[in-house]
Novice: 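Quick one: structure below, then a few questions.
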Amino acid sequence: MQFKQSSKMADVCYEIRGPVIEHANALEEAGHSVLRLNTGNPALFGFECPEEILQDMIRNLSRAHGYTESRGILSARRAVAQHYQQVGLPEVDVDDIYLGNGVSELVSMAVQALLDDGDEVLIPAPDFPLWTAVTTLAGGKAVHYLCDESADWLPDLDDLASKITDRTRALVIINPNNPTGAVYPRELLEGMLDLARRHQLMVFADEVYDRILYDDEVHHHAAVLAPDLVCLTFSGLSKAYRVAGFRSGWLVVSGPKEHAADYLEGLGTLASMRLCPNAPAQYAIQAALGGRQSIQDLVRPGGRLREQRDIAWERLNEIPGVSCVKPRGALYAFPRLDPAVHKIHDDEKFVLDLLLREKIQVVQGTGFSWPRTDHFRILTLPHADDLDAAISRIGRFLAGYRQ
């Protein structure tokens, strides 16, 4: 008897760790060095856990070998609640906080608890593909609203409005955006939230990069701008605190929660079904939120992340037939391949050919629900010299590449 995957998996994909990674693994097993520019994993590029976070985890390990409360330990939830109170959500309390095994688990729980088969969720294009995958797996339909590259990758409000139907249940806002690095101005967010208000949509605000900002950009929390809407805000320690492997994230429920009582009961059931979040990593949260915010040193002029962003943006734009909007936040760039110069008909093949020839792994643009084969995503996490060399190699590869 042959066992096949469920039919629910038919349209589920996650190209950040998709089929190309198997070729990358095979190359490494054969002794080649592969530069992994596909996954935002700070540890691969010399970013270490802040010492105070690590020490808090170590000190509490003796208390972290049993199940915790299903939403997470009280001290960590209190720290998250106080953080959001300070940024403008005074009504948020510990009962509104759910801790999770990274933001990814919480996204899955939040979507599963909301959708019936055929319900629609508005997700940006390009997107972080987890949102599309979990929506599809939950029986819903991912409806992608376009972000405009010519307008610094900001969402097109007219396109967003045109995609709303009577089956639309939620609006996903990814700000700062992965993969483009766009940071949304207040006026744009207010326009998006007004559409959610008029159509009675739940708001899912993916804000895991909210502290990774360049060029004096300001991040505006969607929940703060719309206290009258039911908003679920997602964030965690993986990026701003550079501890992706700890799998330590949180979800904050705000707004008129009485309008979502039944939904929140379902969310609580899913939280209980997974028993609890990873216990040791929960003890990292209070130290992270209450301690020195070392990310600020990394993103200001002269900081390592700022320098790497600058090098990536400048060098990509120097490649003939390649253009890149300047990322204002996050850890990625999303360059465009001019179709008149680089005739890429299959962008997954392009990514695979680049890997096999140059031993550099990037992710094709269609892996982020972008409708054309003319983009790819590259990390800005490697040291500036390594990025400079890698982008030079990508340029040489493109100069002679044909499909």
Side-chain angles (χ1 to χ4, degrees), residues 84 87-92 96 106-107 109-128 131-132 134-136 138-177 180 182-207 210 218-235 251-267 369 371:
Y84 284 92
V87 300
L89 288 175
E91 303 302 319
V92 165
D96 304 316
L106 295 166
V107 166
M109 288 166 47
V111 172
Q112 288 276 359
L114 181 66
L115 298 186
D116 286 324
D117 288 352
D119 284 345
E120 298 175 357
V121 178
L122 292 162
I123 301 171
D127 67 351
F128 177 56
W131 284 102
T132 295
V134 299
T135 296
T136 303
K141 178 183 178 182
V143 178
H144 294 101
Y145 61 91
L146 292 177
C147 299
D148 185 354
E149 187 171 17
S150 66
D152 292 336
W153 284 118
L154 299 182
D156 182 327
L157 285 179
D158 290 337
D159 185 71
L160 173 57
S162 74
K163 302 290 176 64
I164 298 173
T165 73
D166 58 0
R167 294 303 303 269
T168 308
R169 300 294 305 282
L171 167 64
V172 175
I173 301 173
I174 305 175
N175 176 41
N177 184 266
T180 66
V183 178
Y184 298 170
R186 179 182 181 127
E187 296 76 13
L188 172 67
L189 281 169
E190 288 175 337
M192 299 174 76
L193 294 166
D194 187 55
L195 286 171
R197 182 178 295 113
R198 282 190 275 148
H199 294 276
Q200 300 182 335
L201 307 179
M202 185 175 289
V203 176
F204 291 146
D206 184 341
E207 299 181 348
D210 64 350
V218 176
H219 176 265
H220 299 282
H221 295 279
V224 174
L225 297 180
D228 59 317
L229 298 180
V230 176
C231 183
L232 274 62
T233 301
F234 302 83
S235 193
L251 179 164
V252 181
V253 182
S254 61
K257 293 178 282 292
E258 66 276 10
H259 295 169
D262 189 65
Y263 168 77
L264 293 174
E265 181 180 343
L267 187 62
S369 301

Novice: Using modelled atom types only, decide if a donor and an acceptor are shared between the side chain of Gln112 and the backbone of Leu267 within a distance under 3.5 Å.
Specialist: no
Novice: Could you tell me if the side chain of Asp206 sits less than 4.5 Å from the side chain of Asn175, heavy atoms only?
Specialist: no
Novice: Could you work out, with ring pair (Phe, Tyr, Trp, His ring centres under 6.0 Å) as the rule, every residue matching His221, not counting sequence neighbours?
Specialist: Tyr84, His219
Novice: Could you check whether any side-chain heavy atom of Cys147 comes within less than 4.5 Å of a side-chain heavy atom of Asp156, counting everything from C-beta outward?
Specialist: no
Novice: What closest approach, in Å, do Pro155 and Leu188 show between heavy atoms, and which atom pair accounts for it?
Specialist: CD-CD2, 3.3 Å
Novice: If you round to the nearest 0.5 Å, how far is CG of Leu146 from CG of Asp158?
Specialist: 11.5 Å
Novice: Rounded to the nearest 0.5 Å, how far apart are CG of Leu122 and CE of Met192?
Specialist: 9.0 Å
Novice: Between Arg197 and Asp228, does any side-chain N to carboxylate O distance fall below 4.0 Å?
Specialist: yes
Novice: What distance do Arg167 atom CZ and Asp117 atom CG have between them, rounded to the nearest 0.5 Å?
Specialist: 8.5 Å
Novice: Can Ser162 and Leu160 be said to form a side chain to side chain contact (heavy atoms under 4.5 Å, CB included), step by step?
Specialist: CA-CA 5 Å; Ser162 74; Leu160 173 57; over 6 Å; no
Novice: Are any of the side-chain heavy atoms of Leu114 and Tyr263 separated by less than 4.5 Å?
Specialist: yes
Novice: Name the orientation class of the two ring planes belonging to Phe234 and Phe204 (parallel below 30°, tilted from 30 to 60°, perpendicular beyond 60°).
Specialist: perpendicular
Novice: Using 0.5 Å steps for rounding, measure from the CD1 atom of Ile174 to the CD1 atom of Ile123.
Specialist: 7.5 Å
Novice: Would you say that Glu120 contacts Thr165 through its side chain, given a criterion of any heavy-atom pair below 4.5 Å between the two side chains?
Specialist: yes
Novice: Check whether any side-chain heavy atom of Asp148 lies under 4.5 Å from a side-chain heavy atom of Leu154, and answer yes or no.
Specialist: no
Novice: Take Tyr184 and Trp153 through the test ring-ring contact (aromatic ring centres under 6.0 Å, His included) and record every step on the way to the result.
Specialist: CA-CA 9 Å; Tyr184 298 170; Trp153 284 118; over 10 Å; no
Novice: For the residue pair Pro124 and Val172, what are the closest heavy atoms and their distance?
Specialist: CD-O, 3.6 Å
Novice: Take atom NZ of Lys163 as the centre, draw a 6.0 Å sphere, and report whether it contains more than 12 heavy atoms from other residues, nucleotides or ligands.
Specialist: yes
Novice: Which atom pair, heavy atoms only, marks the closest approach of Gly266 to Ala113?
Specialist: C-CB, 4.2 Å
Novice: When you look at Val143 and Thr168, which way does the side chain to side chain contact (heavy atoms under 4.5 Å, CB included) test go after all the steps?
Specialist: CA-CA 9 Å; Val143 178; Thr168 308; over 6 Å; no
Novice: Rounded to the nearest 0.5 Å, how far does CG of Asp194 lie from NE2 of His199?
Specialist: 9.0 Å
Novice: Kindly indicate whether the side chain of Leu189, heavy atoms from C-beta on, has any atom under 4.5 Å from the side chain of Ile173.
Specialist: yes
Novice: Determine whether Leu171 and Tyr145 satisfy the following criterion, side chain to side chain contact (heavy atoms under 4.5 Å, CB included), listing intermediate values before the conclusion.
Specialist: CA-CA 10 Å; Leu171 167 64; Tyr145 61 91; 3.8 Å; yes
Novice: Please examine the side chains of Arg198 and Leu195, heavy atoms only from C-beta on, and report whether any two atoms are closer than 4.5 Å.
Specialist: yes
Novice: Grab the two heavy atoms, one from Pro256 and one from Pro227, that are nearest each other, plus how far apart they are.
Specialist: CD-O, 3.8 Å
Novice: Counting heavy atoms not belonging to Asp262, are there more than 12 under 6.0 Å from its CG?
Specialist: no
Novice: If you take all heavy atoms of Val92 and Val253, which pair is closest and at what distance?
Specialist: CG2-O, 4.1 Å
Novice: I need the Ser369 OG to His144 NE2 distance, nearest 0.5 Å.
Specialist: 3.0 Å
Novice: Apply side chain to side chain contact (heavy atoms under 4.5 Å, CB included) to Arg169 and Leu201, showing your working.
Specialist: CA-CA 5 Å; Arg169 300 294 305 282; Leu201 307 179; 5.8 Å; no
Novice: Hydrogens and angles aside, do Glu91 and Ser254 bring a side-chain donor and acceptor to less than 3.5 Å of each other?
Specialist: no
Novice: Could you pull out the closest heavy-atom pair between Leu106 and Leu251, with the gap in Å?
Specialist: CD1-N, 3.6 Å
